[in-house]
Amino acid sequence: MEDFENFTQLAIPGVQELKPYQPGKPISELEREYGVSNILKLASNENPLGPSTLAVAAARQALTEVSLYPDGNGFELKQALAKLHSVPQNSITLGNGSNDVLELLARTFLTPADNAIFSKHAFAVYPIVTQAVGAQALVSTPNSADHDQPYGYNLDEIQRLIDENTKLIFIANPNNPTGTWIKATELEQFIQAVPENVIVVVDEAYFEYVQVTDYPDTSQWLGRYPNLVVTRTFSKAYGLAGLRIGYALSNPEIADLLNRVRQPFNVNAIAQAAALAALQDRSHIEKSVTLNQQGLRQLANGFTDQGLSYIPSVANFICVQVGEPAQVYETLLRAGIIVRPVENYLLPGFIRITVGSSEDNRRVLAALQQAVKKRL
Ligand SMILES: *Cc1c(COP(=O)(O)O)cnc(C)c1O
């Protein structure tokens, strides 16, 4: 019997064409491939302070009970989140990272006859979850380079794309990889204008970091807009990316649907315990936010000193224009620094750098200066 060798043709059409998510290069991989040590990873928007010590202690404790299944309903964590956001517990859906809830949304609401809308330079997971279920992605034109939120979400353009097959709209606020944001009045006007049978997903992965006035906390709008879904994560400011935990807030009917599709034990016991403890440690978040504010200024000033333009960011990363990003990325790798090339986000000539400690930022600025000089 001949070996069957066209499994790709067996896959559903969306998957045949799917390109896998490209994560930031892991530290161990750079060590293996380049033989460098003392590696600095500023590629995945991780917290340079790490997790709260309370979260680590809770995780250790939870580790002693891992022969037991986790609480599939996440009762204690949901109780704490319900209190934090002043929402009922049945409006919460826990996810294995907020990626998981984004995927649940796609699997719950999209068929091949439907479409989802997001901006051109938006989080790579939106096109992946849309395409994986065979739905159509409608990509909206972003703001122009000279807009005060350059390359960011243009909600008028999104509104123009909505048609009778639109089921979901993914809005990252602030947006990754641009670091741009949308004001409360603008976002609320948009949501009011969207038909009620179109679900607006506002992805607030970087919520805790944002320090500008007029930035909306859309979790407080859930009572007003039944078609609003808000996603949050413990991966960024809370420093728990490796544990994989995030959640969605929505009206209870949507939460019920998402929970039907969800794997029964999608969030592990260690992650639940660590997240619960992390919520109690406000001072760790405050420290993280202060450090990030200083770091954003340090990087922006450094870029300006080097004559490099950047996209003003309110998150914990910043995109800087370096001309030949592939070469600069490679030179930084050889210096033991991992940043994020963003060609896959179609951003012309940029690399994305996560804000680190002041020493991390100093190091990446110095290496960048060398890398850009070398290129000239
Ligand atoms: C990092 C990030 C997330 C978080 O993903 P997790 O699965 O929670 O780790 C979600 N949305 C955006 C826009 C992000 O940049």
Side-chain angles (χ1 to χ4, degrees), residues 14 18-24 42-46 95-107 109-110 115-133 135-143 149-155 157-158 161 167-182 187 190 199-210 215-216 218 228-238 241 244-249 311 313-319 339-347 350-355:
L18 202 57
K19 293 204 185 65
Y21 180 79
Q22 296 173 0
L42 298 175
S44 304
N45 307 338
E46 294 143 342
N96 189 353
S98 54
N99 270 278
D100 190 22
V101 292
L102 295 171
E103 190 184 321
L104 290 176
L105 283 159
R107 287 170 53 206
F109 292 106
L110 298 177
N115 68 62
I117 308 179
F118 43 83
S119 185
K120 182 174 175 191
H121 315 294
F123 190 37
V125 165
Y126 310 151
I128 291 175
V129 299
T130 302
Q131 203 181 320
V133 295
Q136 198 194 351
L138 300 186
V139 178
S140 74
T141 307
N143 291 331
Q149 300 295 325
Y151 306 103
Y153 265 80
N154 182 326
L155 297 181
E157 292 290 339
I158 294 208
L161 289 180
K167 285 272 192 69
L168 291 176
I169 299 173
F170 290 108
I171 298 175
N173 195 29
N175 185 36
N176 174 15
T178 57
T180 51
W181 63 287
I182 305 167
L187 185 58
F190 171 79
I199 293 168
V200 180
V201 182
V202 181
D203 177 346
E204 297 179 341
Y206 302 94
F207 178 86
E208 296 80 6
Y209 281 120
V210 182
Y215 171 70
T218 54
L228 172 65
V229 176
V230 183
T231 65
R232 297 281 186 95
T233 184
F234 287 93
S235 297
K236 304 290 159 57
Y238 286 99
R244 313 303 305 125
I245 180 161
Y247 57 97
L249 304 171
I311 306 177
S313 170
V314 296
N316 69 337
F317 55 82
I318 185 163
C319 277
V339 296
R340 192 64 155 267
V342 284
E343 307 100 273
N344 57 327
Y345 289 99
L346 310 171
L347 272 176
F350 286 92
I351 54 172
R352 193 193 69 195
I353 300 176
T354 301
V355 177

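No hydrogens, no waters, no symmetry mates; every other heavy atom, side chains included, goes into these values. This chain uses plain numbering: 1 for the first residue, then up along the sequence. All figures in this text were calculated on a predicted structure; none of them were measured in a lab.
Without hydrogens or angle criteria, Glu157 side chain to Thr141 main chain gives no donor-acceptor distance under 3.5 Å. Checking side-chain atoms of Thr354 against main-chain N and O of Asn45 turns up a donor-acceptor pair under 3.5 Å. Looking only at distances, a side-chain donor or acceptor of Thr233 sits under 3.5 Å from a matching main-chain atom of Ser235. A donor-acceptor pair under 3.5 Å is formed between the side chain of Gln149 and the backbone N or O of Trp181. The closest donor-acceptor contact from the side chain of Asn173 to the backbone of Ile182 lies under 3.5 Å. Remark: side-chain polar atoms of Lys167 are paired, donor with acceptor, to backbone N or O of Phe109 under 3.5 angstrom.
With no hydrogens or angles considered, no side-chain donor-acceptor pair links Thr130 and Gln136 at under 3.5 Å. A donor and an acceptor atom, one from each side chain of Asn176 and Arg352, are located under 3.5 Å apart.
Under the 4.5 Å side-chain criterion, counting only non-hydrogen atoms from C-beta, Val202 is in contact with Leu228. The closest side-chain heavy-atom distance from Val139 to Phe118 is below 4.5 Å. A 4.5 Å side-chain heavy-atom check between Ile318 and Ile311 finds every atom pair outside the cut-off. Within the 4.5 Å cutoff, the side chain of Asp203 has heavy atoms near those of the Leu102 side chain. By the 4.5 Å heavy-atom criterion applied to side chains, Val210 and Pro174 are counted as neighbours. In this structure, the side chains of Tyr153 and Ile171 come closer than 4.5 Å at one or more pairs of heavy atoms. Between Val201 and Ile169, every side-chain heavy-atom pair lies at or beyond the 4.5 Å cut-off. Within the 4.5 Å cutoff, the side chain of Val342 has no heavy atoms near those of the Ile351 side chain.
Residues Tyr345 and Ala124 come closest through the heavy atom pair CE2-N, 3.5 Å. Counting all heavy atoms, side chain and backbone alike, Cys319 lies closest to Leu347 at SG-CD1, 4.1 Å. The shortest heavy-atom contact between Pro216 and Leu187 is CG-CD2, 3.9 Å. Ala135 and Leu110 make their closest contact through CB-CB, 3.8 Å (heavy atoms, listed as atom of the first residue, atom of the second, distance). Between Ser119 and Ser140, the shortest heavy-atom contact is CA-OG, 3.4 Å. The two residues Thr180 and Gly152 make their nearest non-hydrogen contact at OG1-CA, 3.3 Å.
Residue Asn143 holds its CG atom at 5.0 Å from CG of Asn154, rounded to the nearest 0.5 Å. The CZ atom of Arg340 sits 5.0 Å away from atom OG of Ser44, with the distance rounded to the nearest 0.5 Å. Taken from CZ in Arg232 to CD in Glu208, the straight-line distance is 6.0 Å, to the nearest 0.5 Å. Note that OG1 of Thr178 and CG of Asn175 are 3.5 Å apart. Values are rounded to the nearest 0.5 Å. To the nearest 0.5 Å, the span separating CG on Leu168 from CD1 on Ile199 amounts to 5.5 Å.
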Open item on the list: Assess the residue pair Arg244 and Asp100 against the criterion (side chain to side chain contact (heavy atoms under 4.5 Å, CB included)); give the C-alpha distance rounded to whole Å, side-chain angles, the decisive distance to 0.1 Å, and a yes or no.
Closed with: CA-CA 9 Å; Arg244 313 303 305 125; Asp100 190 22; over 6 Å; no
Task: Check against side-chain hydrogen bond (donor to acceptor under 3.5 Å, both in side chains), Glu204 and Thr231 - done: CA-CA 6 Å; Glu204 297 179 341; Thr231 65; over 6 Å; no
Open item on the list: The test is side chain to side chain contact (heavy atoms under 4.5 Å, CB included); show your working for Val314 and Tyr209 and say whether it passes.
Closed with: CA-CA 7 Å; Val314 296; Tyr209 281 120; over 6 Å; no
Task: Leu105/Val129 under side chain to side chain contact (heavy atoms under 4.5 Å, CB included): CA gap, chis, key distance, verdict - done: CA-CA 9 Å; Leu105 283 159; Val129 299; over 6 Å; no
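Between His121 and Tyr151, the ring-plane angle classifies as perpendicular under the 30° and 60° cut-offs. Classified by interplanar angle (parallel below 30°, tilted 30° to 60°, perpendicular above 60°), the ring pair Tyr126/Phe123 is perpendicular.
The six-membered or imidazole ring of Phe317 lies near that of Tyr206, with a centre-to-centre distance under 6.0 Å.
With sequence neighbours excluded, the residues forming a ring pair (Phe, Tyr, Trp, His ring centres under 6.0 Å) with Phe207 are Tyr215, listed by chain and number.
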